[in-house]
Amino acid sequence: MGFQTGYVYCKIVIVYCKISRDPRFDDLSGNFSESHFNKNYLFIEDVKARDKQLLVKKARKEKDEEKRHEILQLVNKMNQKEKVVKMKKIQSQKEKQFREKEVEQAKQGKTPYFLKKSDKKKLELAEKFKELKSAGKLDNYLAKKRKKNAAKDKRALPKKQF
């Protein structure tokens with residue numbers, strides 16, 4: 001099976017190849033649900049906790065300061081990730097409660113109120129202030145915030161010209 005064009009003889013070969021596709025961007029894989037994902041892969045949190053404990057034990061036994069420092073950095077990184085996940089969970093629970101409350105009010109005949117991003121930020125900030133005040137860290141937080149804003153304002157000012 002082939003054909004001749006000019007002086008060159010070409011042979012056509014059909015090759016079947018498997019096309020790989022990324023399920024994150026493919027509609028055939030269905031819609032992504034973060035809540036289902038978290039429920040299905042909940043066991044990973046246990047594995048991460050176990051790994052963190054092993055790393056802490058390894059850091060205690062390690063004699064080399066550089067390696068110990070690297071291990072402790074990794075543990076701190078894991079702690080920060082846990083904090084972020086915990087905050088996301090709390091935030092999603094609050095949003096869910098707010099939605100449920102709005103649904104109940106809508107059933108009673110009231111018009112639903114949907115939070116804007118700015119309103120959400122204000123509520124989060126108010127909650128953060130309450131937490132900091134109860135922990136006694138509000139003064140330090142405000143001092144750092146003032147210092148950061150002062151530095152930002154100083155950068156924004158035009159420089160002196162001689």
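Nothing here was measured: the structure is a model prediction, and the numbers come from that model. Just so it is clear, the values below take in all heavy atoms, side chains as well, and ignore hydrogens, waters and symmetry mates. Sequential numbering from 1 along the given sequence is applied to the chain's residues.
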Tell me if the [atom1] atom of [X] is crowded by more than 12 foreign heavy atoms within 6.0 Å.
| X | atom1 | value |
| --- | --- | --- |
| I19 | CD1 | no |
| E66 | CD | no |
| F43 | CZ | yes |

SB check [X] [Y] (cutoff 4.0 Å):
| X | Y | result |
| --- | --- | --- |
| K101 | E95 | no |
| E82 | K52 | yes |
| R68 | E65 | yes |

- Which of parallel (below 30°), tilted (30 to 60°) and perpendicular (above 60°) describes F98 and Y113?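 Aromatic pair F98/Y113 classed perpendicular.
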
- State, to 0.1 Å, how close S134 and E131 come at their nearest heavy-atom pair, and which atoms those are.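 Closest heavy-atom pair between S134 and E131: OG-O, 2.8 Å.
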
- How far apart are the closest heavy atoms of L55 and I71, and which atoms are they?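 Closest approach of L55 to I71: O-CG2, 3.3 Å.
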
- Side chain to side chain, K128 and L132, heavy atoms closer than 4.5 Å: yes

Give, for atom [atom1] of [X] and atom [atom2] of [Y], the distance between the pair rounded to the nearest 0.5 Å.
| X | Y | atom1 | atom2 | answer |
| --- | --- | --- | --- | --- |
| K148 | D153 | NZ | CG | 12.5 Å |
| L72 | K58 | CG | NZ | 12.0 Å |
| E70 | D64 | CD | CG | 8.5 Å |
| S92 | K96 | OG | NZ | 8.5 Å |
| Q105 | E102 | CD | CD | 5.0 Å |
| K144 | K147 | NZ | NZ | 9.5 Å |

- Given side chain to side chain contact (heavy atoms under 4.5 Å, CB included), test F114 with D119 step by step and report yes or no. CA-CA 10 Å; F114 299 101; D119 293 338; over 6 Å; no

- Task: Kindly determine whether L123 and L115 satisfy side chain to side chain contact (heavy atoms under 4.5 Å, CB included), including the steps that lead there.
- Result: CA-CA 10 Å; L123 289 173; L115 282 175; 4.0 Å; yes

- Task: If a pair satisfies salt bridge (charged side-chain N to carboxylate O under 4.0 Å, His left out) and one of its residues is in residues 16-39, list it, with sequence neighbours excluded.
- Result: R21-D26, D22-R24

- Query: Same cluster for M87 and L125 if Ile/Leu/Val/Met/Phe/Trp/Tyr side chains link at under 4.5 Å?
  - Reply: no

- Is V47 linked to L74 within one hydrophobic cluster, defined over Ile, Leu, Val, Met, Phe, Trp and Tyr using a side-chain heavy-atom separation of less than 4.5 Å? no

- Query: Could you go step by step and tell me if K94 and E124 meet the side chain to side chain contact (heavy atoms under 4.5 Å, CB included) rule?
  - Reply: CA-CA 10 Å; K94 287 179 185 175; E124 287 175 21; over 6 Å; no

